[in-house]
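Note that ligands are numbered from 1 as they come in the structure, with each ligand's atoms numbered from 1 the same way. Since the structure is predicted, the reported quantities are computational estimates derived from the model, not experimental observations.
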Amino acid sequence: MCSKLVTDLPESTERIAAWTEQLCLIPGLSGYEDPVREYISDQFPDPRIQRHVDAPGNLILTLPGTDPAAPKVMIFAHLDQMGLIVRRIDEDGYLRVERVGGVPERVLPGLNMIVLNDRGQALPCVVGTKAHHATPQEEKGKVLGVDKLYFDLGVDSAEAVAKLGIQIGAPITYRPQFGRLQGQRITGTALDDRAGCAALMELLHTLLKSPAPATLHAVFSVQEEFNLRGAMVAAQRLKPDAAISIDIMVASDTPDLHDRGELKLGGGPALGLYSFHGRGTLNGTLPHPALLNHLSATGRAIDMPLQRSAHSGCLTDSSYVQLTNEGVPSMDVGFPARYTHMPTEVCDLSDLSAIARLLAAALQDMPAGFSFERRRYGCIC
Ligand SMILES: [Zn+2]
């Protein structure tokens, strides 16, 4: 998909758009985030930033605050995207797959995908499905499980697949794409969470120019789509005073989701009041009241509209970060996104730049002695 940057947007918005575009175009299945991480690390050569990459591959960029006694806050966005992995190679050259993360099976047939070979090259493939002209009426409305699908590289034998450097375990993602819609709307294959990574990069960029008393640990985390626990490892190392996740939140401004909530694209950053995932992962995040109060008050102070999300069916890695060490005050800050986990996710650049501004203002107003004591929400705002 071609992308054409419009020029009448603020510089920060254009920067976020350019970073998001570049990040969406780099494939990075869970466990294969290395090129995404390297791109981000290369964008921040500033010697004030301390950098660390841990064993799972989290990138930690620490910008020390101006006051060593002020809080240390971990703000994180995940590098990885969901996809598939090769589980079997048929004699006639078709690939059979397993899902890695929440890939919607109903969107797969007929899609363009890429598979990475053992040299790291991205090879195109398409998801095979029974030819439409040969599909009986009763099968036309059915969703095929991933075990019924076959991936077509354009070769006719297992030997030819092996020659391409593709073996069992090879990672597969949507064919990377990014595009601009009207205004500040963008679409891409992995806005979840490359757009969040771009917002976090913009936060770091902002604090380099306008330092805050608080220390920022910007963590670009791994394996969120796979097991939600990559960011835990960074939190165990950093022992932050607080932690905030930047990730998608499901927008409810499409015709089919009005009843789910009130989250609109372009309506501003969303505060996560509740997330819960009951299917296999009995976890979720309830915001720490000190953080919730502080971000709410910051939004009012800078005259920024904020939205609220209380949503079951999804969760982020903050669910696990909050349980590390002796517990970390945590919450989710989201950007509304449509068509989540589809190859054509849509979000709004204004929400991303607003997240960077909100969190920068929140850290700039977090001096030494800032209290993370639990108080009833609404008491101190
Ligand atoms: Zn995500």
Side-chain angles (χ1 to χ4, degrees), residues 16 19-20 23-24 26-33 36-37 40 56-59 74-84 99-104 107 173-174 176 178 186-201 203 218-235 243-252 263 265 269-272 274-277 279-281 283-285 309 311-322 330-348 351-352 355-356 359:
I16 290 170
W19 276 330
T20 305
L23 290 169
C24 279
I26 305 171
L29 182 67
S30 303
Y32 295 84
E33 302 93 345
V36 191
R37 180 183 62 244
I40 293 173
N58 295 300
L59 171 64
M74 168 172 154
I75 302 184
F76 55 108
H78 65 89
L79 294 165
D80 62 311
Q81 66 191 104
M82 40 96 223
L84 306 130
R99 294 197 308 163
V100 179
V103 178
V107 79
T173 60
Y174 296 139
F178 175 89
I186 55 174
T187 178
T189 35
L191 295 179
D192 174 8
D193 190 22
R194 306 290 165 71
C197 289
L200 180 52
M201 292 166 78
L203 171 63
V219 174
F220 299 89
S221 63
V222 295
Q223 300 197 23
E224 195 270 356
E225 300 288 1
F226 176 56
N227 63 15
L228 290 153
R229 292 163 178 80
M232 267 180 80
V233 179
I244 298 170
S245 152
I246 305 175
D247 206 339
I248 58 151
M249 281 187 192
V250 178
S252 45
L263 220 53
L265 264 61
L271 305 178
Y274 165 88
S275 71
F276 183 72
H277 192 275
R279 297 187 303 275
T281 314
N283 210 342
T285 300
S309 169
H311 195 97
S312 62
C314 58
L315 79 174
T316 75
D317 35 8
S318 69
S319 313
Y320 289 91
V321 166
Q322 67 183 346
S330 298
M331 71 173 290
D332 291 326
V333 171
F335 55 96
R338 295 178 184 164
Y339 326 124
T340 56
H341 284 198
M342 303 290 173
T344 48
E345 294 174 327
V346 169
C347 71
D348 195 292
D351 296 324
L352 301 171
I355 285 175
L359 296 179

>> Side chains of Asp247 and Glu224, heavy atoms from C-beta outward: is any pair under 4.5 Å?
In response: yes
>> Does atom CZ (Phe276) have a neighbourhood of more than 12 heavy atoms from anything else shown, all under 6.0 Å?
In response: yes
>> Could you work out, with side chain to side chain donor-acceptor pair (under 3.5 Å) as the rule, every residue matching Gln322, not counting sequence neighbours?
In response: none
> Is the shortest heavy-atom distance from the side chain of Ile246 to the side chain of Leu359 under 4.5 Å?
Replying inline: yes
>> Assess, by modelled atom type and distance only, whether the side chains of Thr316 and Asp332 contain a donor and an acceptor separated by less than 3.5 Å.
In response: yes
>> Suppose the cut-off is 2.8 Å; which protein N/O/S atoms would you list for the Zn ion (ligand 1)?
In response: His78 NE2, Asp192 OD1, Asp247 OD1, Asp247 OD2
> Would you say Phe220 and Glu33 make side-chain contact, with heavy atoms under 4.5 Å?
Replying inline: no
